Structure formats: C-alpha cells, structure tokens
Protein chains: 2
Amino acid sequence: MYITTDNIIQPKQNLHNLPQPCCIDCMQKESTIYDIAHQLNISIATVSRALKDDPVVSKKTKKRIFDMAEQLGYRSNHFARNLRSQRTHTIGVIIPRINSHFMSTVIAGIEQTAGADGYNLIISQSAESVEKEKANAKTMYDNRVDGLLVSLAIDTADLQHFDAFFKKGIPVVFFDRVMEQSNSTNVLIDNVRAAYKTTSHLIEQGCTNIVHITATPKRNVYVDRLKGYKQALEDHGLSFSESNVIINNLSQDEGAAAAADILSRAARPDGVFAANDNCAAGCIIALKQAGIRVPQDIAVAGFNDDPVCRVIEPNLTAINYPGYQMGEVAARHLINYLSGDASVAVTNSILLKSELVVRNSSLRRAMPQG
Amino acid sequence: MYITTDNIIQPKQNLHNLPQPCCIDCMQKESTIYDIAHQLNISIATVSRALKDDPVVSKKTKKRIFDMAEQLGYRSNHFARNLRSQRTHTIGVIIPRINSHFMSTVIAGIEQTAGADGYNLIISQSAESVEKEKANAKTMYDNRVDGLLVSLAIDTADLQHFDAFFKKGIPVVFFDRVMEQSNSTNVLIDNVRAAYKTTSHLIEQGCTNIVHITATPKRNVYVDRLKGYKQALEDHGLSFSESNVIINNLSQDEGAAAAADILSRAARPDGVFAANDNCAAGCIIALKQAGIRVPQDIAVAGFNDDPVCRVIEPNLTAINYPGYQMGEVAARHLINYLSGDASVAVTNSILLKSELVVRNSSLRRAMPQG
DNA sequence: TTGTACGCGTTATCAT
DNA sequence: ATGATAACGCGTACAA
C-alpha cells in the first residue's frame, strides 16, 4: 500500500545538508505516478500507460491524468525508467580535445542532432593520450551509454579498449580519426582525395617542389593525406622526396619552424601543403617575415578551412572540412541505429564531401573559372 | 529470495532487437551485487558496503569481494544508485554556443575538473535564444542534474526559468554571461576594469577619438565593457560621444562593416576598441584594404586573446580572457558546494584576473617596459 | 562485523 | 480499459 504524504513538509534526511532550498516554504516533495494515481483513485499502471500515451487508455482518463500531472508538477524519473528499461538515452563522446575550431564545431553538430531526439551527451577528452582514452571508454561503459561517438587519439593503435562495447553490442561510431580495419561505422572525408586535390592544385599553379607538413603518420587522417600528396606528385610526373615531408605537431609555432627549415634548403621549395590551417598560418607568417612572397615565391595551402583562413594574409587556400555536418551525420547514424533502423547496421563507412577552397595563398595563375 | 542464473545465456527480450552482440558467445548477463554475494555466500549488504570501502567491513571479506567483483566483471549500476541516493553526479552546462574559441576552452576546463571528480557533463547550447535556454533548463531539471553551470544568452533578461533550481536548492553557477542581481555565484572577470585598461592604453598611445565596437548592451559583459570605456575617456579628459559606439553582432564581417562606417566619418577616429577579437580582426583587414595604416593611423584593440590575435597583421592587442581557468574555477566551485563545503555558499562572485596583452595593432609609442 | 528487509519510481506481465 | 504486482540494482535502517 502506498501512502501519500500529501506534500507535507518533512525534515528530510539531507546528505551534506544539501541541497538547501531557498526557503522552507519552497520545500516540495517530488511527485510520482503514485501521487497522481492516489489523487485520482486509479492504479499506477494506468498512469504509467497514460503518460506514455498508450492507446489502450481511454481518452478521458488520459486527460484527467495529464491534468493532474500538470497540477502536481510531475516529472518522470529518468533513473527509475533507465533502471527498468536498461536504456539511458545518453550518448558518450570521446575526442582528443574539445578546444579546437574543428572539434567544437563537430560537437555543436552532435549536440544539435542528439538534443533534438532527446539524447543527452557525455563528453570527455583523451588529450591525445591512449591511456586517457582507455579511462574515458571505461567511464562511458560504466555510465551505460546507449552508444559511443569516438575520434581517436593520435597514437591509438588498436581498438581493444572498446571491446566491452563490441561484445555487448553497444554501437560505436568513429569519426574523423578512425581505424581503417574497424568494422564499426566510420564517418570521415576522403582524406586521400582531398590531399590529392590540394597537391594537384599547387602543381597546377606551377609548383614543382612541394613540401608537405603533417603530424606523425600514425593516424588515418595523416596517413591518407600523405598518400594523396604522393599520388598527386606521381600522377603529375614529379618525384617524391622523403625530405619534403616535415613531421611536427601542426601548431602555429611548429609551422614557423617548418618555414625556417624550408628556407634553409639549397633547392628552395616553391609550395607548402600543411595538414592543418594553424600550421599553415604559422608558416606563412614566418615566410613573410623572411621576405618571401606568398604565393609568388612559395604557394601555401592548409586543411580544415578554419576562420583563420580568412584572416591570414594572403587568405589561405584550404580543404573545407564539414565539421558540423560530420557531427550531425555521426550522431544521426548512431541514433538511427539505436532506434532500430537495421539498414545502418551494415554501413561500414560514410564519406562526406569536402572541397578545396582556393584563396590567394596559392593563387599564382588565373583559375579556370570563379 | 534472489535466484542467480549463473550467467546462463538467455534469449533476452530485446527492444528493437538492440543491442546486437558481436556473437552469441559474447552475450553475458550483467552481474550485480547479488551475484557477488551469492558466489561468496554472504549478504548483499556486505557487498554493497565493501564496494564503497566502508571501514566497517573486515579487510579480508573486502578483499574477497573485490576479487570476485573483478572476476565477474562487475560494474555498479548508476541508475539504481542514483535512484536510491537521489543524486546523479551529473553537472549540466548551458552555453550560448560551443563552437567559439573562448567557449570551447571553457568547456575543456570544466570537463577536466569535473571528470577528475567523477562528475559527468551534460552540455546544451542556447544558440543565444532565451527560448532555447528555457527548454535547456527544463531538460537539465528533468535530468536531475546535481548542479548547473550557465552562461546566459545575450538577451536573457531574467532568471525565472531557473526558479525550479533555486526552489529546490540545486546550485547554479553562472559564468561570463551573468546577471548582476543574481544571488547565485557568478564567475567572471572585471569587464569594467579590463575595458578601462584597454581604452586607457589606446589613449596613452595617443588616441583621442576612440570607437568602441560592441554587441547590444543587454548582457553584463557588454554593459561593463562600455562602462569601462566611458570611464577611461572621462578620466583622461576625453569626451564621450554616442556616435562612437557601434553596436553589431561582433562577427568578422560586421567588423569590416564597422571599418567602413568609421572611414566614412568626417572626424576620422584614431582608435578602435572592439569587444571581441573576431570583430577586431575583420575591422583591421578592412581598414588595411582601405589603405589605412594600423596602428599609425588607427590603433586597434580586441578582447579575449584568441589565437587569431597572433595571426592578424599587425598582431592584435587584446585582453587575455582566461577561459580554461574560468571553466576550472566554475566547476570546482560547484563541486565543492556539492561536496558540502559550506564556505562556498556565501560566495557571491569570483573575479578572475585578466590582463592586457599589448601587441603591434595598438603600439605607436615605446611602452614603459617590455 | 554481518544479515534482513524495505524503498527509490518506473515498466511490464499478468489477471480482471 | 484497468488493476495488482513483480522486477530493475542498490543503499541503509534495524536487527542480530
């Protein structure tokens, strides 16, 4: 038998004396389906059914129940529901770091999509460390997320730490930083093609000695960009030289250092393709300080199309990386799967369009059009 | 009486046929404290106590329990725990938008701090809309977050939509975009002082006709920056003119438009103080395109110290806004409160240090030092 | 030091 | 169409 207290104020037990209501009058017991049922002299089963709009409940009882719920300020208890239903309506997100333009844009897209469908987000950063990534995965698992969206740390070499998810059949969608051999769904752009396009563009602009600045090629994105770069050289009859690949952390400062390296060479390069915009910007600034003209002496292209592209002078040519859409697509895909859309289970990878945005940093000749 | 199934594989009921385990062999029943208790022939109470390291449990039973938990791959069920304890270990975050350098940096700081203390984050964006902010607040409330971290939308004029939290005594900490009259804790910088410093600096550099570009002064940050600007003019014997305040959305494009406005004036301004860096950058670019020299003809200063400051030429003078620390401090404060630290309950506002970083965009004279 | 038993608020399976 | 009741997994008075 359930005994309602009719919202009588009780000196309820209070861990750490928290929370403190603003005043004693405000203290109000949380109302439940029991309260609604009791007020209306019906069973909780009916209330529960009505609240989820079960067609088996008659129109008028439904109305009475909704009104009473409104009146009592009822809100359903997610924990009780999750406890029963074994689902949490929560999506876990693991990313290297949140405070980059690209990543925060992706998150914005994810949040938009997930929020619209009533999913909550739990976000954690791996800080590019496999160890933190493992810890994050465990946290997500312990929080019983319904699914996971992951962008891998740079030196993550295997997916073992997600085995618990795979074994339980909890869907994991990787985006941007992925493992090719994974049999989860990957959402990404064609990095090979993008790099190929960029490099070809530089070649078409008259560059014959192009440096590629990138991060350590452990992660797909850098491996692929390097591959596209090489492929473009080959297809245009230019020889590849190992020394033309500069590996660093892609920061602005390292971009400047790369510029110094470039300028120290006997056969001075006439083109630079950097794997992100920050690094390209740092490089351009340093080149200009050294009296090099961009793009006349050295043409430069970046990757991502961050806002910095439109600030640096000359404005930076870059691959337009659709971060927001990537977030939307990855989240949508995961949610569709969670909603029972079987067709998505067989999807191996989703490729998003990316295009080269040509600006002055690489423009030495009139373009075919526009 | 609890009857364990000894992890026998069951064709368990499966909503939407999900989740799908990778293979039938992997299917494994989630183990609970009942399982541990059953295996060890002890009571769940002891297990429950041991798992939370209750000193009342003997060392050796504890050890046996931990070992068995490990062996069974036990993980505690947060929902059952939350349902019982009425706490969620979840912090809600409501911000205007996540994809700005400043905000994503704040989030990074929050995540770092909260994660270290075992708190999860639920993040939502108001998109600068009061309506969305209200909806977000309700979602957070329904998710029973332990506390809330909020940065208000630009035209949020009152805090009514947080009343449910105030009434229940759920702590709300506002940061950056706050309401002065709130009696919650506010974490912010001294915007008046920062603007005062910046404006004074421009004056010291010889500017006598300074334009202030800012957003609509509905939100504290813009009100205060305007106030500091005015104060500095007054203290230096310069007169304030309404026409020298340009209101826009602080985007890069609007910065360019502001530049056009400035250049159209009969008495051409010789200084610009923009309320963010993006806008300042757009302004500088447009000014330079019009043949104006920065800083010789017009000196420019921004606000935030985003990375763009070190890319734009000349490099942008700006107030260094400690976003990461702000996130850390706000989260730490909230968590301390949730942990029962009474001293924080009386804290009204926390001011973070901010300093003016002088760069070439405003430097017309030798600085006193450095 | 350990065990028993109840309640947290739901949903789901019976029965009526 | 509605009601009674058993889980879901955990925490904790109270008892032993």
Side-chain angles (χ1 to χ4, degrees), chain A residues 1-5 10 12-16 29-65 69 72-89 142-144, chain B residues 1-5 7 10 12-16 29-38 40-65 69 72-89 142-144:
Chain A
M1 180 54 183
Y2 178 76
I3 300 171
T4 184
T5 55
Q10 302 174 325
K12 74 178 212 183
Q13 53 107 3
N14 205 334
L15 187 64
H16 297 306
K29 199 177 153 299
E30 196 73 33
S31 58
T32 72
I33 54 172
Y34 284 94
D35 297 312
I36 299 177
H38 183 258
Q39 295 289 331
L40 263 38
N41 259 318
I42 55 179
S43 79
I44 59 160
T46 305
V47 176
S48 177
R49 281 191 279 254
L51 255 22
K52 56 182 342 196
D53 211 29
D54 192 320
V56 85
V57 182
S58 78
K59 294 281 182 197
K60 36 184 176 185
T61 35
K62 241 182 214 173
K63 168 120 179 69
R64 291 174 60 214
I65 289 170
L72 295 181
Y74 167 84
R75 53 174 177 155
S76 87
N77 186 315
H78 289 201
F79 305 107
R81 179 156 57 86
N82 291 340
L83 180 58
R84 260 310 300 213
S85 64
Q86 306 283 31
R87 296 187 68 193
T88 68
H89 276 89
D142 288 346
N143 274 284
R144 287 169 159 77
Chain B
M1 180 55 184
Y2 177 76
I3 302 171
T4 181
T5 56
N7 287 338
Q10 302 174 326
K12 73 180 215 180
Q13 53 107 4
N14 204 335
L15 185 66
H16 296 307
K29 198 177 154 299
E30 196 75 33
S31 58
T32 72
I33 54 172
Y34 285 93
D35 297 313
I36 299 177
H38 183 258
L40 264 37
N41 259 317
I42 55 179
S43 79
I44 60 158
T46 304
V47 176
S48 176
R49 283 191 276 255
L51 254 24
K52 59 182 338 200
D53 211 26
D54 192 322
V56 84
V57 182
S58 78
K59 293 282 181 194
K60 37 184 176 184
T61 37
K62 240 181 215 171
K63 168 115 179 69
R64 290 174 62 213
I65 290 170
L72 295 181
Y74 167 83
R75 52 174 179 159
S76 87
N77 187 314
H78 290 199
F79 305 106
R81 181 156 57 85
N82 292 340
L83 181 58
R84 261 304 302 216
S85 65
Q86 306 282 31
R87 298 186 67 193
T88 68
H89 281 276
D142 288 346
N143 273 285
R144 288 169 159 77

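Given the structure is predicted, the values throughout are model-derived calculations rather than measurements. Just so it is clear, the values below take in all heavy atoms, side chains as well, and ignore hydrogens, waters and symmetry mates. Letters A, B, ... mirror the listed sequences (proteins, then strands); counts begin at 1.
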Checklist entry - Could you state the CZ-C1' distance from Arg87(A) to dG9(D), rounded to the nearest angstrom? => result 19 Å
Checklist entry - Between Lys52(B) and dT12(D), does any side-chain N or O lie under 4.0 Å from OP1 or OP2? => result yes
Next on the checklist: Less than 4.5 Å apart, side chain to side chain, heavy atoms only: is that true for Thr32(A) and Asn77(A)?
Outcome noted: no
Item to check | Whole-Å distance separating the CG atom of Leu83(B) from the P atom of dG7(C) | outcome: 14 Å
Checklist entry - Taking the side chain of Arg49(A) as heavy atoms from C-beta outward, which of dT4(C), dC14(C), dC10(D) is closest to it? => result dC14(C)
Would you list the atom pairs, donor with acceptor, under 3.5 Å between side chains in residues 47-57 of chain B and any protein atom, with sequence neighbours excluded?
residue	atom	partner	partner atom	Å
Asp53(B)	OD1	Lys62(B)	NZ	3.2
Asp54(B)	OD1	Val56(B)	N	3.0

Checklist entry - Nearest-Å distance, CG (Asp35(A)) to P (dG9(C))? => result 8 Å
Next on the checklist: Would His78(A) and Asp142(B) count as a side-chain hydrogen bond (donor to acceptor under 3.5 Å, both in side chains) here? Give the steps.
Outcome noted: CA-CA 8 Å; His78(A) 289 201; Asp142(B) 288 346; 5.7 Å; no
Next on the checklist: Return whichever of Thr61(B) or Ala80(B) has its heavy-atom-nearest nucleotide of DNA chain C closer to the 5' end.
Outcome noted: Thr61(B)
Next on the checklist: Taking any heavy-atom pair under 4.0 Å as a contact, classify Ile42(B): base, sugar-phosphate, or nothing.
Outcome noted: sugar-phosphate
Checklist entry - Is any side-chain N or O of Thr32(A) closer than 4.0 Å to OP1 or OP2 of dG9(C)? => result no
Checklist entry - So, is Gln86(B) near the phosphate of dG11(D), with a side-chain N or O under 4.0 Å from OP1 or OP2? => result no
Item to check | Tyr74(A) side-chain N/O to dT10(C) phosphate OP1/OP2 under 4.0 Å | outcome: yes
Checklist outcome for this item: Separation of dC10(D) atom P from Glu30(B) atom CD, nearest Å, is 9 Å
Checklist entry - For Ser58(A), which contact category applies under a 4.0 Å heavy-atom criterion: base, sugar-phosphate, or nothing? => result sugar-phosphate
Checklist entry - When all nucleic acid strands are considered with a 4.0 Å heavy-atom cut-off, which category describes Arg75(A): base, sugar-phosphate, or nothing? => result sugar-phosphate
Next on the checklist: Heavy atoms only, 4.0 Å cut-off, all strands: where does Thr46(B) land among base, sugar-phosphate and nothing?
Outcome noted: sugar-phosphate
Next on the checklist: Under 4.0 Å from OP1 or OP2 of dG11(D): is there any side-chain N or O of Ser48(B) that close?
Outcome noted: yes
Item to check | Minimum-distance nucleotide (side-chain atoms of Ser76(A) versus dC8(C), dT10(C), dG9(D)) | outcome: dT10(C)
Item to check | Contacts of Thr88(B) that satisfy side-chain contact (heavy atoms from CB on, under 4.5 Å) - sequence neighbours left out | outcome: Phe79(A), Asn82(B), Thr90(B), Arg144(B), Asp146(B)
Checklist entry - Counting only distance, no hydrogens or angles, is the base of dG7(C) paired donor-acceptor with the side chain of Arg84(B) under 3.5 Å? => result yes
Next on the checklist: When the axes are fitted on five pairs at both termini, how much does the helix from dT1(C)-dA16(D) to dT16(C)-dA1(D) curve, in 10° steps?
Outcome noted: 40°
Next on the checklist: Any heavy-atom pair between the side chains of Asp35(A) and Tyr74(A) that's under 4.5 Å?
Outcome noted: no
Checklist outcome for this item: Nearest heavy-atom contact between Ala37(A) and Ser43(A) is CB-C, 3.8 Å
Checklist entry - Roughly, in whole Å, what's the span from CG in Leu51(A) to C1' in dT11(C)? => result 12 Å
Checklist entry - Taking NE2 from His78(A) and C1' from dC8(C), how many angstroms apart are they, rounded to a whole number? => result 16 Å
Next on the checklist: Rounded to whole Å, please give me the gap between CD1 in Ile65(A) and P in dT2(D).
Outcome noted: 8 Å
Checklist entry - With a non-hydrogen cut-off below 4.0 angstrom, is Val56(B) in contact with a base, only sugar-phosphate, or nothing? => result base
Checklist outcome for this item: Separation of dT2(C) atom C1' from Lys60(B) atom NZ, nearest Å, is 14 Å
Item to check | Non-hydrogen atoms of Thr61(B) and Ser58(B) that approach each other most closely | outcome: OG1-OG, 2.5 Å
Checklist entry - Any idea which heavy atoms bring Ile44(B) and Tyr34(B) closest together, and the distance? => result CG2-CD2, 3.6 Å
